[in-house]
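This chain uses plain numbering: 1 for the first residue, then up along the sequence. Just follow the structure's listing: the first ligand is 1, and inside any ligand the first atom is 1.
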Amino acid sequence: MNGNLFVALRRAFPKQLDSTAIETADGPGAPRFYTWRDLDRASAMIANLLGSLDLPEGARVAVQTDKSVEALMLYLGVIRAGLVYLPLNTAYQAAEIEYFIRNAEPAVVVCTPKNFHWTSKIAFQAGTQNVFTLGDDRSGTLLERAVQHSDVHEPAVRASDDLVAILYTSGTTGRSKGAMLTHGNLLSNAQTLQRYWGWRSAEEGGDVLIHALPIFHVHGLFVASHGALLNGSKMIWFNRYDPKATIARLKDATVFMGVPTLYTRMLAEPTLTREACATMRLFISGSAPLLKETHDDWTSRTGHVILERYGMSETTMITSNPYFEKDGQRIGGTVGYALPGIQVRIRGDKGQPLRAGEIGSIEVKGPNVFQGYWRMPEKTAEEFTTDLFFKTGDVGKMDEDGRLTIVGRSKDLIISGGYNVYPAEIEGYINEMPGVAESAVVGVPHADFGEAVVAIVIPKPGSSVDAGAVIGELKTKIANFKVPKQVFVVDELPRNAMGKVQKNLLRDQHRKLFNA
Ligand code: MCA
Ligand code: AMP
């Protein structure tokens, strides 16, 4: 049997191939209507184009394009062709992209037309042979070339443990690591979520998903897109998130998925009412902690109880609050139970089992867990226990009945608006600046982004450092969401007896900065 994820997705397309699969709600030419046949034909043409390039087995296709339905078709074409998809955040700048391309050595790079001049230079210098462009208005060489190919394509045969995607997650120290996911990882998780979240068949009235998340991360690309595709459900597609416009379309939909910032921004709109949500079946939140307050406000405003779930790039979805009453209650501030077929446990400092209610490290094992970090066998080995549980780096506690609550992270990670920022990376850039002796980057509460990045900078003796200039310089080098919202220049950092910087004191000191 062909274990190619695309085969399972394609099998789920409705019999009515000319019915609408995706309706665009914004972007060039909206509304545009794409049928299931369009998805099938376009992914076939792209797969045939890729096939014509004579790429080696396991070749990577790195993609940094603005969100569009055609970008989703490109993803489908890549997996259909049996190649490995490598999505990149659109906010990444040249230095970040150069690292990913040099590390992953993709055979194909696809970028937006406006970035072709610098992306192609980096790619060709790194040995990539093929660079295509794709705009959010159907422009670019990828589609120009793809239309010259047949719209019929037999999906490449892949085993379920063959690689399908590499997702870069920032490293706690130093550089990003590429999490290698397989066809089986993604398919098993999508099938589990289809059942656990009660995706409705056409006979049960079907579902319509509002897709408003970026498609370069697990949440938007896998959880959301696979959810709809594997259920043959229509998507209302936003290239950009806009709270007002999203609320206006809830009446045409049944399922919504978002990071907490998407929910708090909708709560700020007076148009968010029970009536606006009358057709909705399910609101799902994840990627960052959802405040209990947001959870409760949402219930009182809309009558819906948000379902919070928990996952990672390395594991896709791990736990979820229940959808069906028979599976239990949805409780705000918790991330629910281990999904069927997945084991979750809490371990102490020395790896010892802990009792219910005790706080420790969250570990996970199951068909969802990735194969390892790309070309980092030692790092991979460090992150697994001897009995092959993956150490998430998240800290939590579990009730008697297995309900998980996340209480913090052992990894030095900031999650801002659902995007991960690793302090070590930002500190590295700041420490290279002239006049800087050292720096510490921390996350502090922020009403919109949940957490915001703040930097504390120490000048070298006799030097002065301008806070605004630090921000200005960082903006030219790294993705804008990683740039500190504020920089403080001070004489020294608080340290403990071992000389380690006490980031908890810095976080406390700046806790009220954004009035969250
Ligand atoms: C934008 N800005 C941000 C962020 N986004 N600052 C901090 N954190 C952010 N997340 C800043 C920009 O730098 C810019 O600043 C200003 O806000 C406006 O930028 P713009 O692009 O217009 O912002 P936006 O369109 O309003 O975007 C906010 C957003 C977006 C919609 C919340 O960040 C977003 O889509 N987040 C979702 C991320 C996501 O999908 N995560 C899933 C990861 P300036 O003006 O100074 O330049 S998957 C995952 O975590 C796991 C596996 C899981 O469990 O799902
Ligand atoms: P990434 O692998 O980069 O997508 O980020 C995964 C991290 O996001 C996890 O290790 C958690 O720290 C965090 N995360 C995801 N979902 C939740 C959630 N529902 N509550 C709290 N943290 C979450």
Side-chain angles (χ1 to χ4, degrees), residues 26 66-67 87 89-91 93 167-172 176-177 179 181 189 193 211-225 238-243 246 257-266 284-292 294-295 306-321 332-336 361-362 364 368 370 383 390-396 404-422 443 446 448-454 471-472 474-476 478-486 514:
D26 65 1
D66 291 328
K67 185 177 175 185
N89 191 320
T90 46
Q93 302 208 48
L167 264 66
Y168 275 87
T169 79
S170 298
T172 317
S176 271
K177 305 167 292 196
L181 293 158
N189 212 238
L193 295 176
H211 196 303
L213 287 162
I215 53 167
F216 42 72
H217 278 312
V218 163
H219 201 161
L221 184 61
F222 300 151
V223 189
S225 307
F238 283 92
N239 285 352
R240 288 187 60 85
Y241 175 63
D242 173 339
T246 301
M257 296 187 194
V259 302
T261 303
L262 272 51
Y263 286 97
T264 49
R265 288 190 183 180
M266 279 196 270
I284 299 170
S285 174
S287 309
L290 181 77
L291 292 180
K292 177 89 173 57
T294 311
H295 184 270
I306 296 176
L307 178 159
E308 186 173 4
R309 63 25 169 216
Y310 157 60
M312 287 183 78
S313 300
E314 287 91 334
T315 61
T316 65
M317 296 305 98
I318 304 170
T319 71
S320 172
N321 269 280
T334 81
V335 292
S361 305
I362 303 173
V364 57
N368 57 318
F370 75 136
E383 303 298 326
F390 173 63
K391 302 181 209 166
T392 62
D394 293 309
V395 174
L404 183 70
T405 302
I406 298 176
V407 298
R409 301 172 203 130
S410 58
K411 52 194 172 191
D412 195 8
L413 162 69
I414 301 166
I415 305 185
S416 172
Y419 288 140
N420 290 3
V421 182
Y422 278 87
H446 189 280
D448 186 29
F449 294 124
E451 279 181 291
V453 179
V454 170
I471 292 180
L474 287 173
K475 280 194 173 178
T476 66
I478 53 174
N480 54 12
F481 64 88
K482 297 181 190 169
V483 176
K485 302 286 178 212
Q486 282 216 29
F514 299 105

Visitor: Atoms of ligand 2 less than 4.0 Å from Ile415 heavy atoms?
Guide: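 The list of qualifying atoms is 8 (O), 12 (O), 13 (C).
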Visitor: Taking 4.0 angstrom as the limit and counting only heavy atoms of Met312, give me the atoms of ligand 2 inside it, by number and element.
Guide: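 Close to Met312: 2 (O), 6 (C), 9 (C), 10 (O).
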Visitor: Here's a test for you: under ring-ring contact (aromatic ring centres under 6.0 Å, His included), which of Phe222, Tyr419, Tyr168 qualifies with His217?
Guide: Tyr419
Visitor: Please report whether the ring centroid of Phe370 lies less than 6.0 Å from that of Phe390.
Guide: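 Ring centres of Phe370 and Phe390 closer than 6.0 Å.
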Visitor: A side-chain contact here means heavy atoms from C-beta on lying under 4.5 Å apart; do Val259 and Leu213 qualify?
Guide: yes
Visitor: Does the N or O separation between Thr169 and ligand 2 drop below 3.5 Å for any pair?
Guide: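 No, since none of the N or O atoms of Thr169 sits under 3.5 Å from an N or O of ligand 2.
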Visitor: Looking at atom 30 (C) of ligand 1, what's its closest protein heavy atom, distance included?
Guide: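 Looking only at protein heavy atoms, the one closest to atom 30 (C) of ligand 1 is Tyr419 CE1, 4.0 Å.
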Visitor: Run the numbers for me: atoms of ligand 1, each under 4.0 Å from some heavy atom of Gly417, listed by number.
Guide: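 In order of numbering, the contacting atoms are 10 (N), 33 (O), 36 (N), 37 (C), 38 (C).
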Visitor: At under 4.0 Å between heavy atoms, which part of Ala179 makes contact with ligand 2: side chain, backbone, both or neither?
Guide: neither
Visitor: Do Ile318 and Thr392 make a side-chain contact, defined as non-hydrogen atoms from C-beta onward lying under 4.5 Å apart?
Guide: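 They are in side-chain contact.
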Visitor: For atom 24 (P) of ligand 1, which protein heavy atom lies nearest, and how many Å away is it?
Guide: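 For this ligand atom, the closest protein heavy atom is Arg265 NH1, 4.0 Å.
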Visitor: Tell me, which protein residue and heavy-atom name are nearest atom 6 (C) of ligand 2, and how many Å apart are they?
Guide: Gly311 O, 3.6 Å
Visitor: How close does the nearest protein non-hydrogen atom get to atom 14 (C) of ligand 1, and which residue and atom is it?
Guide: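 For atom 14 (C) of ligand 1, the nearest protein heavy atom comes out as Asn480 ND2, 4.2 Å.
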Visitor: Using non-hydrogen atoms of the residue, decide whether His219 is closer than 4.0 angstrom to ligand 2.
Guide: no
Visitor: Looking at non-hydrogen atoms alone, which of Pro243, Gly286, Ser287 comes nearest to atom 49 (C) of ligand 1?
Guide: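 Comparing heavy atoms across Pro243, Gly286, Ser287, the nearest one to atom 49 (C) of ligand 1 lies in Ser287.
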Visitor: State the atoms of ligand 2, each with its element, that fall below the 4.0 Å cut-off from a heavy-atom position in Ser313.
Guide: 1 (P), 2 (O), 3 (O), 4 (O)
Visitor: Please could you name the atoms of ligand 1 that Met312 approaches to less than 4.0 Å, counting only its heavy atoms?
Guide: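 In order of number, 52 (C).
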Visitor: For ligand 2, which is the ligand I care about here, please tell me if Thr392 has any N or O atom under 3.5 Å from one of the ligand's N or O atoms.
Guide: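 No, no N or O pair falls under 3.5 Å.
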Visitor: Does Val218 have a heavy atom less than 4.0 Å from any atom of ligand 2?
Guide: no
Visitor: Which residue and non-hydrogen atom of the protein lie closest to atom 12 (O) of ligand 2, and at what distance in Å?
Guide: Asp394 OD1, 2.6 Å
Visitor: Could you report the tightest heavy-atom contact between Pro260 and Pro289, atom names first, then the distance?
Guide: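 The pair with the smallest heavy-atom distance is CG-O, 3.4 Å.
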Visitor: Just wondering, do Gln93 and Asn480 contact through their side chains at under 4.5 Å, heavy atoms?
Guide: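 Not in contact.
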Visitor: Report the part of Lys485 (side chain from C-beta onward, or backbone N, CA, C, O) that has a heavy atom under 4.0 Å from ligand 1; answer both or neither where that applies.
Guide: side chain
Visitor: Can Lys411 and Glu314 be counted as an ion pair, charged N to O under 4.0 angstrom?
Guide: no
Visitor: Which residue and non-hydrogen atom of the protein lie closest to atom 32 (C) of ligand 1, and at what distance in Å?
Guide: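 Result: Thr261 CG2, 3.7 Å.
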Visitor: Show the atoms of ligand 1 that are less than 4.0 angstrom away from any heavy atom in Val218.
Guide: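 So the atoms of ligand 1 that pass are 48 (S), 52 (C).
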Visitor: Apply side chain to side chain donor-acceptor pair (under 3.5 Å) to residues His211 and Ser225 and explain how you reach the verdict.
Guide: CA-CA 8 Å; His211 196 303; Ser225 307; 3.2 Å; yes
Visitor: Can you report which non-hydrogen protein atom sits closest to atom 35 (O) of ligand 1, along with the distance?
Guide: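 The closest heavy atom on the protein side is Pro214 CD, 3.5 Å.
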Visitor: What protein heavy atom sits nearest atom 25 (O) of ligand 1, and how far away is it?
Guide: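 Sorting protein heavy atoms by distance from atom 25 (O) of ligand 1 puts Arg240 NH2, 3.1 Å first.
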Visitor: Which residue and non-hydrogen atom of the protein lie closest to atom 3 (C) of ligand 1, and at what distance in Å?
Guide: Phe449 CZ, 3.3 Å
Visitor: Counting each atom of ligand 1 from 1 as listed, which ones have a heavy atom of Ser313 under 4.0 Å away?
Guide: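 Ligand 1 atoms under the 4.0 Å threshold to Ser313: 52 (C).
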Visitor: So is Ser285 polar-close to ligand 2, meaning N/O to N/O under 3.5 Å?
Guide: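 Min N/O separation from ligand 2 is not below 3.5 Å for Ser285.
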Visitor: Got a second to check how far Leu290's CG is from Ile284's CD1, nearest 0.5 Å?
Guide: 12.5 Å
Visitor: Quick one: which ligand 1 atoms are inside 4.0 Å of a heavy atom on Lys475?
Guide: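 In order of numbering, the contacting atoms are 46 (O).
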Visitor: Which heavy atom of the protein is the closest neighbour of atom 54 (O) of ligand 1, given with residue, atom name and distance?
Guide: Arg309 NH1, 2.7 Å
Visitor: Should the proximity of Leu213 to ligand 1, defined as any heavy atom under 4.0 Å, be assigned to the side chain, the backbone, both, or neither?
Guide: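 Under 4.0 Å from ligand 1, Leu213 contributes side-chain atoms alone.
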Visitor: Report yes or no: does Lys411 have a heavy atom closer than 4.0 Å to ligand 2?
Guide: yes
Visitor: Counting each atom of ligand 1 from 1 as listed, which ones have a heavy atom of Ser416 under 4.0 Å away?
Guide: 7 (C), 8 (N), 9 (C), 10 (N)
